[in-house]
Each structure stands twice: as C-alpha cells, then as structure tokens.
Amino acid sequence: MTCYPARMKRSIPELQHSAAPLVMVTAYDYPGGRHAEAAGVDLILVGDSLGNVVLGYDSTAPVTLGDMIHHARAVRRGAPGTFMVVDLPFGTYHTGVQDAMRSAVRVIQETGADAIKMEGATPEILQVVQTLTRNGIPVMGHVGLMPQTATAQGGLRVQGKDDDTARATLEGAVALEAAGAFSVVLEAIPARLANLISERLSVPTIGIGAGVGCDGQVLVTHDLLGVYEGEDKKIAKRYAEVGRLSREAIEAYAAEVRARAFPTKENSFVMKDDVLGKLY
Ligand code: KIV
C-alpha cells in the first residue's frame, strides 16, 4: 500500500486568506479521502450527496446522521491531514438549536471533522449558525440551490435568476457571514450574482455551478471522475471516465473467468508433490 506523507492541515485563517482559489471535492469513504488528500485539495466535503452518488437514493432527504458519521469516519482515516467539512443531513438541525448543537457535536466528536455545513439562511438556521459558531463549531453555509429542500424550491433548479430569489440568495449569504459562517457555498446561481456575493462577503465563497468568480470551487467527486456513464451535468466537468473503465475491467475479468484464462499460474499457490501425494 502506498503511504502518502502527512502534511499540515490548512487552518481557517489560511483558507480565508488563500491567494489561490480554494479547491474542495467531496469524499465518502477511505479511498476517496486518500485520493483527495494525495491530490492536495484544500478541503474535503463529506456531502450528503452521499445519498445520491453512493447510497442510491434519488434525493438527499433519506440520509441520516448515522450515515454521515459512518462515512465521514472512513474519509478521515484516509485523509488525516486535510480540512474536512461534514454536511449535517436533512432534519438534524431543523428542530431547534439544541438538537442542531447535539448533531454538530456528534459529528465533530465522532468523525474528527473540522467543520460542519448546513443549508439555508432562514432566521431559524441563522440562529443555529450563531449558536454553533459561538460555541466553537465552525460552520460553512450553503445558499442558492439547496438539495435538502429542493422540493420546496420548485425542484432542482437554478436559483437567483429572478428578483426575489436573487435578493434572497444575496441577503442569505450576507446574513450567514454575519452569523459567523467561515465560508459559504453558492450552488447553481448565475455567475454574475455569485460575483456580486463574492465581492460583498469577506469570507470565501465556494461555488458549484456558480461561475469562475467565486473564491473556490467544489465538485462532487463522482461527477468529476465520470463514475456514472452517460450522466453529464452542466455544473460539472468529467476529468475521467471511471465508470466506463470500471465496467470494462469487470467485463474483461468476466471474459477471462469464463475462458479459464484467469487465474493463471502467477495468481496460484504451489505445494510439494509429496504433501499432495499423502492426500490421495
Ligand atoms: O452534498 C454535497 O455534495 C454538497 C455539494 C454539492 C456542495 O452539498
């Protein structure tokens, strides 16, 4: 097994004052954490996109706190030296500040996360952000398209194209910073709105489907790796075709097994004739 050298984890002030755009990717397991850390990303997000890309749900709503903790622990084992943000899943911070605090404390204590992320900027969420940050739990905010409550937003749609949603997204981001968020994700909003928000905030914005003007970018790793064949998303770029390569590798293995071409001598163990002879 290749061992990668440990490196110093970036601190929040370092992330906030980075001259270069911040690079964040999602990870959901030990190999994902290892690959992200070896590639030298600035932040890893254990996103509740876990539900879609790993657990096979059609939304993030069924993902539980237990799911997030289980997967984040594995990511942490693979990436001990990278700043790790973990999503609080749907329903774990919506039933009051105390419940939100309990969920966040569990994530921090049980996974070794450096920060948590939550979606929205309603007065209730802002109160949660304020309480958590005042109690030493760093929070990354998330506005624009918010998959956890997408049904209420009219589906998985670009936000901020009209007056009302543009204003709500801008004001939400500003309010999240005021409440103590150390960074804010901007998802699926027009690039010009993302530029304006990035100018207004003094904490870094991290965009996904929000143009090149954000202070950083995040992608779902399964999208950038091309894990799912034929699923192109406008907001992502496929840097590899891992899904096709995986299928082709399994097809090649299956063909060799059926042709008795695998395993070969090289993959098999030997024993001495006299030991074998005694078995007859
Ligand atoms: O869950 C997730 O992967 C996310 C990113 C899309 C920002 O929230």
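Numbers for residues simply follow the sequence, beginning at 1. The shown structure was predicted, so the numbers you read here are calculated from the model rather than taken from an experiment. Reckoned from all heavy atoms, side chains included, excluding hydrogens, waters and symmetry mates. Both ligands and their constituent atoms are indexed starting at 1 by order of listing.
Between Asp232 and Lys237 there is no salt bridge, since no side-chain nitrogen of the basic residue lies less than 4.0 Å from a carboxylate oxygen of the acidic one. Between Asp223 and Arg238 no salt bridge is recorded (no basic side-chain N to carboxylate O distance below 4.0 Å). Remark: Glu14 does not engage Arg10 in a salt bridge, criterion side-chain N to carboxylate O under 4.0 Å. Ionic pairing of Arg247 and Glu229 is present here: one or more N-O contacts between side-chain nitrogen and carboxylate oxygen are shorter than 4.0 angstrom.
With a 4.0 Å heavy-atom cut-off, ligand 1 is reached by no atom of Leu50. Only the side chain of His142 comes within 4.0 Å of ligand 1, judged by heavy-atom distances.
Using modelled atom types and a 3.5 Å distance limit, the side chains of Ser202 and Glu177 yield a donor-acceptor pair.
Each of the following atoms of ligand 1 lies closer than 4.0 Å to a heavy atom of Asp48: 1 (O). Counting the atoms of ligand 1 from 1 in the order shown, those under 4.0 Å from a heavy atom of Thr26 are 3 (O). For ligand 1, the atoms closer than 4.0 angstrom to any heavy atom of Gly47 are 1 (O), 2 (C), 3 (O). Of all atoms in ligand 1, numbered sequentially from 1 with element shown, those under 4.0 Å from a heavy atom of Ile208 are 6 (C). Proximity to Asp87 (heavy-atom distance under 4.0 Å) selects the following atoms of ligand 1: 1 (O), 2 (C), 8 (O).
For Asp67, the side chain to side chain donor-acceptor pair (under 3.5 Å) criterion is met by Thr64, not counting sequence neighbours.
At the top of the distance list for atom 8 (O) of ligand 1, counting protein heavy atoms only, stands Lys117 NZ, 2.9 Å. When only non-hydrogen protein atoms are considered, atom 3 (O) of ligand 1 lies nearest to Ser49 OG, 2.5 Å. Ranking the protein heavy atoms by distance from atom 7 (C) of ligand 1 puts Leu45 CD2, 3.8 Å first.
Tested against Thr111, the residues His70, Met84, Arg76, Met68 include a single side-chain contact (heavy atoms from CB on, under 4.5 Å) partner, Met84.
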